[in-house]
Amino acid sequence: MASNPVMELEIWKGEWGLPSVDVHCLEVMTYAKFSGTPLKTKITNNPFKTPHGSLPVFQHENECLTKFGEISAYLRKNNHTADFELSPKQCAEAFAYSHLIYEKLVPALQFIWWIDSKNFIEFTRPLYAKLLPFPLNFYYPGQYEKHAKQLAMSLYPEEDDLSVIETAVYRQADECLCLLATKLGEKEFFFGQSPSSLDAVVFAHLAPLLKAPLPSAALQNHLKACTNLTRFVGRVLQRYFPKEIKDHEQAERKITKQESEYSDSEFPNKLRNISIAALISLVAMTAYAMSTGIIQVVPADEGEEED
C-alpha cells in the first residue's frame, strides 16, 4: 500500500442529523473528534470493496484497520488520545462501562435494527436499500439480519422463541441505560468536563437509537426518559458535529418549504375539484330522487285548470 500521510476513514453516510448511521463508524469518528485527530472521512456505503467486508475502514501509511479497539490503539501510539486526563482507575472504569455496553446494549440494538419485524420491514431494510449500491442492496440487509439472529441465538441457545429473547435483551438494555444514566448524573461527560473514550462509545450507541425514526420504539422511549443521556447526545452533536446538524436542519426546512409551496399551488385546483364534485353529487342525488319518485315533475299544462 502506498504511503499516505493523511488519516482516512471510509464510512456509512449520515442521516437524521448524525454524521453516520453506523455505530462502528460513529465510535471512530467521535473518538477522533475528542482526541483532536485530523481525520478525513469518505462516504462509500460499500462494504463489499473493503478488506473485511465491513465499514469503517481506517487507513494511514501502511495500516488498514477496521475495529474500533485497533484504531483507537493506533491513534494513541501516534499521540492522539481522548483519555490523557484520566487516572488509571478512571481508565479501568471506562473499559468496564464500554464492555457493559457491548455485552448488554448491543444485542438489543441488533434486535431492534434487524430482528424486530416491523422495524426491519418498514425502516431498516428500506434505509440500507437506499444507502447500498445495486445489487448489494438486495444482499447485505439479509446478511445483517442473519448475523443478528445468530447473535441472539448464541446468547440464548436454549431458547427458540424470539419473543422471549426480545424480552430478555430489552431487559438487559434497560438496565444498561439506567446504569449509564446514574454514572453520568449531571456531569457534561462521564468523567467530568472533558470527553473520553467512554463518551465516544456511549454516544455512538445511543445517538442512532435516539434519532432514528423507529416504528417499534420501546427501547427508544426508555432512552428518551433518561433525559440526562438525551442531553448528552445533543451536547456531543452540537459541539463536535455542528455541520451535520446544520445540514439536516436546512434539508428539513427545504422539504417543509417545498411541501408548503406544493400545497399553495394545489389550492385553486382543489377548490375547483371540490366544486365540480359537489355539482356532480347534486346532479346525481336529483336524478336518483326523480327516478324513485321522491321528486315528481308535473308538466305545466297539466297543472292548469280548464275554464
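FYI, side chains are in, hydrogens and waters are out, and symmetry mates aren't considered; it's all heavy atoms of this structure.
Looking only at atom types and distance, the side chain of D161 has a donor-acceptor partner in the side chain of S163 under 3.5 Å away. A donor-acceptor pair shorter than 3.5 Å cannot be found between the side chains of N119 and T124.
In this structure R239 satisfies the side-chain hydrogen bond (donor to acceptor under 3.5 Å, both in side chains) test together with E188, sequence neighbours excluded. Applying the salt bridge (Lys or Arg N to Asp or Glu O under 4.0 Å) test to E122 and every residue at least two apart in sequence or in another chain returns K118. Scored by the side chain to side chain contact (heavy atoms under 4.5 Å, CB included) test, N45 finds W12, K13, I43, L131 as partners (sequence neighbours excluded).
Residues L132 and P47 form a side-chain contact, since some pair of their non-hydrogen atoms from C-beta on lies under 4.5 Å apart. No side-chain heavy atom of F120 sits less than 4.5 Å from a side-chain heavy atom of I115. Looking only at side-chain heavy atoms (C-beta outward), L184 and L180 stay at 4.5 Å or farther from each other. The shortest distance between side-chain heavy atoms of E63 and Q59 does not fall below 4.5 Å. Side-chain atoms of V236 and F189, non-hydrogen and from C-beta on, do get closer than 4.5 Å to each other.
Residues Y140 and Y128 keep their aromatic ring centres 6.0 Å or farther apart. Ring centroid separation for the pair H80 and Y31 does not come in under the 6.0 Å cut-off. Taking the six-membered ring for Trp and the full ring otherwise, the centers of F190 and Y97 sit at least 6.0 Å from each other.
Atom CD of residue E10 and atom NZ of residue K40 lie 11.0 Å apart, to the nearest 0.5 angstrom. How far NZ of K224 is from CG of L177: 13.5 Å, rounded to the nearest 0.5 Å. The line from CG of L210 to SG of C226 is 10.5 Å long, rounded to the nearest 0.5 Å. One finds the NE2 atom of H205 at 6.5 Å from the NE2 atom of H24 (value rounded to the nearest 0.5 Å). Here the NZ-OH distance, from K33 to Y240, works out to 10.0 Å after rounding to the nearest 0.5 Å. Taking CD from Q90 and CG from D83, the interatomic distance works out to 9.5 Å, rounded to the nearest 0.5 Å.
Pairing each heavy atom of P215 with each of F123, the nearest pair is CD-CB, 3.7 Å. Of all heavy-atom pairs between T50 and S54, the closest is OG1-N, 2.9 Å. When every heavy atom of C25 is checked against every heavy atom of S20, the shortest pair comes out as CB-OG, 3.4 Å. Residues E244 and P19 come closest through the heavy atom pair CG-CA, 3.7 Å.
Counting heavy atoms of neighbouring residues, nucleotides and ligands inside a 6.0 Å radius, atom OH of Y102 exceeds 12 of them. By the 6.0 Å contact criterion, NZ on K187 is enclosed, its count of non-hydrogen atoms from other residues, nucleotides or ligands being greater than 12. Within a 6.0 Å radius of NZ in K211, other residues, nucleotides and ligands contribute 12 heavy atoms or fewer. Environment of NZ in K183: crowded, with over 12 heavy atoms of neighbouring residues, nucleotides or ligands closer than 6.0 Å.
Checked for salt-bridge contact, R171 and E166 miss the test: no charged N lies under 4.0 Å from a carboxylate O. Under 4.0 Å is where a charged nitrogen must lie from a carboxylate oxygen, and between K89 and E93 no such pair does.
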Legend entry - Working for salt bridge (Lys or Arg N to Asp or Glu O under 4.0 Å), residues R231 and E186: CA-CA 10 Å; R231 290 196 300 268; E186 296 303 316; 3.5 Å; yes
